[in-house]
Amino acid sequence: RSKPWISKFLVISAGSLMNIIFAVVLFIMLTLVMGIPDTYSTKPIVGDVMEGQPAAKAGLQTGDEIVSIDTKKIETWEQLTDIVYKSAGKELNITYLRNDSTYNVMITPVEEKVLVNEKGDIKTVGLFGISREATMRSAGIFEAIGNGVQYTFFISKLFADRKSVV
């Protein structure tokens with residue numbers, strides 16, 4: 001005897017539904033353990049340096065403050081990214097502060113394709129492998145649940161809407 005169509009539908013969709021539930025639970029756990037970004041510094045202070053990237057090879061470290069690029073004074077993270085994004089393949093003279101001492105290094109941003117918005121638009125920019133300083137705060141269970149659901153659907157949308165980068 002054949003099962004009702006609703007039973008068949010539930011059995012067929014159970015695997016996909018479990019994948020979504022697993023992703024939500026994973027993001028909830030990550031949010032509870034790691035916290036969420038509370039504020040991002042507007043100052044051009046290095047938060048993380050990615051291994052193998054031009055900034056790491058030049059010796060930049062977490063906490064360094066970029067003060068100028070090619071003698072142009074840098075006061076905000078946005079000024080820094082504007083210059084670096086437009087300078088793929090061009091050697092830049094970076095002046096930075098570390099422990100009240102000033103240092104100069106030459107860094108050439110590499111050309112990378114990056115996601116520029118939630119629509120999945122891709123743009124080619126210059127990057128040298130740093131991220132901005134952020135302070136993290138712990139999240140309560142309800143905030144973690146909200147973030148878990150939000151991150152899951154954001155990542156799902158990126159995969160569903162992705163465009164070829166080749």
In Å, rounded to the nearest 0.5 Å, how long is the span from CG of Asn19 to OG of Ser156? 10.0 Å
Locate the shortest heavy-atom distance separating Ile94 from Ile107; write the atom from each residue and the value. CG1-CD1, 3.9 Å
Contact summary for Val105 and Ala58, nearest pair of heavy atoms: CG1-O, 3.6 Å
Do Trp77 and Val125 sit in the same hydrophobic cluster, where Ile, Leu, Val, Met, Phe, Trp and Tyr count as joined when their side-chain heavy atoms come under 4.5 Å apart? no
Between Leu60 and Phe128, is the side-chain contact (heavy atoms from CB on, under 4.5 Å) condition met? List the steps. CA-CA 10 Å; Leu60 284 180; Phe128 57 77; 4.0 Å; yes
Between Leu127 and Val49, is there shared hydrophobic-cluster membership here, with clusters defined by ILVMFWY side-chain heavy atoms closer than 4.5 Å? no
Give a yes or no on whether a salt bridge exists between Glu111 and Lys90, defined as a side-chain N under 4.0 angstrom from a carboxylate O. no
In this structure, CD of Gln79 is separated from CD1 of Ile74 (nearest 0.5 Å) by 5.0 Å
Donor-acceptor check, side chain of Thr62 to backbone of Gly47, threshold 3.5 angstrom: yes or no? yes
Would the number of heavy atoms belonging to other residues, nucleotides or ligands and lying under 6.0 Å from CE of Met34 be above 12? no
Please determine if Lys123 and Glu112 form a salt bridge, counting it only when a charged side-chain N lies under 4.0 Å from a carboxylate O. no
Rounded at 0.5 Å granularity, tell me how far CG in Leu80 sits from CZ in Arg132. 9.5 Å
Under 4.5 Å between side-chain heavy atoms, counting indirect links through other Ile/Leu/Val/Met/Phe/Trp/Tyr residues: same cluster for Leu32 and Ile145 or not? yes
Over all atoms of both residues, closest heavy-atom pair of Lys3 and Lys8: O-CE, 3.4 Å
Determine whether Thr152 and Leu26 satisfy the following criterion, side-chain contact (heavy atoms from CB on, under 4.5 Å), listing intermediate values before the conclusion. CA-CA 9 Å; Thr152 299; Leu26 182 67; over 6 Å; no
Do Glu51 and Lys57 pass the salt bridge (charged side-chain N to carboxylate O under 4.0 Å, His left out) test, and can you show the C-alpha distance, the side-chain angles, and the key distance before you say yes or no? CA-CA 8 Å; Glu51 285 186 39; Lys57 292 175 184 173; over 6 Å; no
To the nearest 0.5 Å, what is the distance between CD (Gln61) and CG (Asn99)? 8.5 Å
If you apply the rule side-chain contact (heavy atoms from CB on, under 4.5 Å), what do you find for Val25 with Phe22, and how did you get there? CA-CA 5 Å; Val25 169; Phe22 176 73; 5.7 Å; no
Is Lys73 close to Val67 at the side-chain level, that is, under 4.5 Å between some pair of heavy atoms? no
Report yes or no: do Val24 and Phe142 belong to one cluster of Ile/Leu/Val/Met/Phe/Trp/Tyr joined by side chain heavy-atom distances under 4.5 Å? yes
At what distance, to the nearest 0.5 angstrom, does OG1 of Thr102 lie from CD of Glu65? 10.0 Å
For Thr108 against Pro54, the heavy-atom pair lying closest together: O-CG, 3.5 Å
Go through it in stages, so that I can follow the logic: the residues are Phe27 and Ile155, the test is side-chain contact (heavy atoms from CB on, under 4.5 Å), and I'd like the CA-CA distance, side-chain angles, deciding distance and then a yes or no. CA-CA 11 Å; Phe27 282 124; Ile155 298 295; 4.1 Å; yes
Closest non-hydrogen contact found for Gly129 with Ala55 is O-CB, 4.2 Å
Using 0.5 Å steps for rounding, measure from the CD1 atom of Ile20 to the CZ atom of Phe153. 5.5 Å
Crowding at CE, Met106 (>12 non-hydrogen neighbours, <6.0 Å): yes
Give a yes or no answer on whether the side chain of Thr81 reaches the backbone of Glu78 with a donor-acceptor pair at less than 3.5 Å. yes
Close side-chain approach of Ile69 and Val84, heavy atoms under 4.5 Å: yes
Cut-off 3.5 Å, side chains only: do Thr31 and Asn147 have a donor facing an acceptor? no
Looking only at non-hydrogen atoms, find the nearest pair between Ala88 and Gly126 and report the distance. CB-CA, 3.7 Å
Would you say that more than 12 heavy atoms from the other residues, nucleotides or ligands in this model lie under 6.0 Å from the CE of Met29, or not? no
Just wondering, are more than 12 heavy atoms of other shown residues or ligands nearer than 6.0 Å to OH in Tyr85? no
Without swapping roles, check the side chain of Asp64 against the backbone of Tyr96 for a donor-acceptor pair under 3.5 Å. no
